[in-house]
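To keep things clear, I will list the structure first and then write my remarks on it.
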Protein chains: 2
Amino acid sequence: MGEQREGSIAHRVPDLGALELLLAVARLGSLGGAARELGITQPAASSRIRSMERQLGVALVDRSPRGSTLTDAGALVTDWARRVVEAAAAFDAGAQALRHRRDSRLRVAASMTIAEYLLPGWLLALRSQRPDTAVSLLAGNSTTVAERLLADEADLGFVEGLSVPAGLDSTVIAHDHLIVVTAPTHPWARRQRPVPAAELATTPLILREKGSGTRQVLDAALGGLARPLIELSSTTAVKASVVSGAGPAVLSELAVGEELSMRRLVRIPVEGVTLARDLRAVWPTGHRPTGPARELLSLTRG
Amino acid sequence: MGEQREGSIAHRVPDLGALELLLAVARLGSLGGAARELGITQPAASSRIRSMERQLGVALVDRSPRGSTLTDAGALVTDWARRVVEAAAAFDAGAQALRHRRDSRLRVAASMTIAEYLLPGWLLALRSQRPDTAVSLLAGNSTTVAERLLADEADLGFVEGLSVPAGLDSTVIAHDHLIVVTAPTHPWARRQRPVPAAELATTPLILREKGSGTRQVLDAALGGLARPLIELSSTTAVKASVVSGAGPAVLSELAVGEELSMRRLVRIPVEGVTLARDLRAVWPTGHRPTGPARELLSLTRG
DNA sequence: ATGGGGACATAAACTGGATTTATGAGCAAC
DNA sequence: GTTGCTCATAAATCCAGTTTATGTCCCCAT
């Protein structure tokens, strides 16, 4: 009856290469074909799929002398695998941009929330349209972004503040909503009525440090009054703290999508305040984006 | 100037073990501590992080004689890595449930859409609350789910149809909206006004095969009239076809969330039809879920 | 100041898994 | 039947990650 107790999931999940291979098999309907596409030999592919099946304890592909098709379980596993591979592709697109290269065609500066949650996807889309565009990324706060742009060390910026830094032109690319969240066990999670703004202002909250974009918006909406229960320096730390039940927090809906759908966090309705902010693309006044920058910009606006 | 041209991302992304290690370092602030947690030695962790840094071309960790902290780039990379690891954890939770074991405490039967998009998250949440609950999963259509439940081969089911199969009690756990999507290049993507139901009914669409849950809802909403442009047997195939510009399709919003936010697909407003359906948990009439089944059920309802 | 402890780096030997090469066998179409 | 696709098997090779065994640096307490 004993199951493996080890913490690390890496030993229970096939490696990325195997998952990628499985996707190729699903798409091409052939082990050998998939092997060719990934630049390995057919026996290698065969053995990899086999050991993946052994590891998972489920048959994934039906082999026949004229091709391979997925079993029912294999189709399901492939769908789950696709999500892992997509996350890995986003990781890759982001990481690729992080090593600032001299020969980068497009230099992007972005605030943290955008760099974390949106930019990898945009970079992936850009890569599929213009595979040869080398992008470099610098992440920081609004001030940093503005500095880089004005020093001509970046071609395009993305900020999430309330105001546009001086010297920059901008366009709104999306709207972000800050929402109040708690652990499902928190008393607020069982409330029937929305929390009034006044109560939010007087309740101690788990907050990002002063000066962060999120904090600024919250303070402005409440009238400079947000009370800290704890102050933490990263969104991740705030989320972890909320999940563990320490108290309520105000976070971007971008940051908590996953947690909400998995019920690790609960959204608390609020009345009397609008916690919205714009996400903007910015560039030095007059220097309208052209070339790759324009391309990327158009990807962000649907 | 030459970049690596190879298709496979697996060679450009650190393996899951390395990403997991990075998360542990971020959490614990120490290479040795992270190593201990993952059951490897400190030199192994050190060399793994080092080779990850070499691979990505970016310093991730600031090492000091009294611990390690993430660099700015490292923090960003860690956030991206977390998403990969979370997807892998969901994969693991799903895969674990796929090998039907005799000693399973909880036997679940679910329709495809739910098994694909929602169940892994629920299983993950369940595992964090009740680590010792062994779950087995069977995916199929509504009919299959009903059969299993009635034959006492499953304890709890999830279906997405319009009606509840005979002999089963149910509760609504969520609402799913079917939406019309096209590639961004499709003429409909530039329309200002919503597409009327009549036009939708007369336009050839990319559809799932007859009998699928999605198709049933669509036919009912339009009055049995949906015109196939192509018929495909999986949601994935439909999505790929739409992305490539073949035409419009009607899909669950669960299935296209990623594609919409990355602008690979565009949502087309429609007027004159409501393409909604309920997601339901089901069980044999009278046999109200108890024990682990009740636990899982409560996770699905917020 | 001095010794202990924690944290990371380096070097060398080991180990195991994945890959390639080489071959065999089943099925279909011409 | 022969050609050409498919996948499977076997043996040799190769490489990457690991462990063991040290060394260095720094802080803190004595």
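The chains referred to below are lettered A, B, ... by the order of the sequence lines, with proteins before strands, and numbering in each begins at 1. Keep in mind that what you see is a predicted model, and the values were worked out from it rather than measured.
- Here the P atom of nucleotide C:dC8 and the CD atom of B:E53 are 12 Å apart, to the nearest Å.
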| field | Secondary-structure notation, DNA chain D, from Watson-Crick and G-U pairs under 3.5 angstrom (| other strand) | value | ||||||||||||||||||||||||||||||
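- Taking atom CG of residue B:D62 and atom C1' of nucleotide C:dA9, one finds them 16 Å apart after rounding to whole Å.
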| field | Contact state string [nucleotides 10-17 of chain D, B base, S sugar-phosphate only, - no protein heavy atom under 4.0 Å] | value | --------
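- Electrostatic pairing of B:E116 and B:K239 does not count as a salt bridge here, judged by no charged N lying under 4.0 Å from a carboxylate O.
- Spacing between atom CG of A:L31 and atom C1' of D:dA8 amounts to 10 Å, rounded to whole angstrom units.
- When each of C:dC8, D:dT19, D:dC7 is scored by its nearest atom to the side-chain atoms of B:A44, the top-ranked nucleotide is D:dT19.
- The nearest whole Å value for the distance from the CG atom in B:L28 to the P atom in C:dG6 is 16 Å.
- Among the heavy atoms of the strands, none lies under 4.0 Å from A:R54.
- You'll find a donor-acceptor pair under 3.5 Å spanning the side chain of A:Q42 and the base of D:dA8, going by distance alone.
- Within the nucleic acid shown, B:S30 comes within 4.0 Å of sugar-phosphate atoms alone, with no base atom in reach, counting heavy atoms only.
- The side chain of A:I40 lies closest to C:dT20 when the candidates are C:dT20, D:dT6, D:dA8.
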| task | Sugar-phosphate atoms are those with a prime plus P, OP1 and OP2; base atoms are the rest. Using that split, label each nucleotide of nucleotides 25-30 of chain C B, S or - for protein heavy atoms under 4.0 Å, 5' to 3'. | result | -BSS--
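- Ring planes of B:W80 and A:F91: perpendicular class, angle over 60° (limits at 30 and 60°).
- Considering only side-chain atoms of B:R50, the nucleotide from C:dT10, D:dT19, D:dA8 that sits closest is C:dT10.
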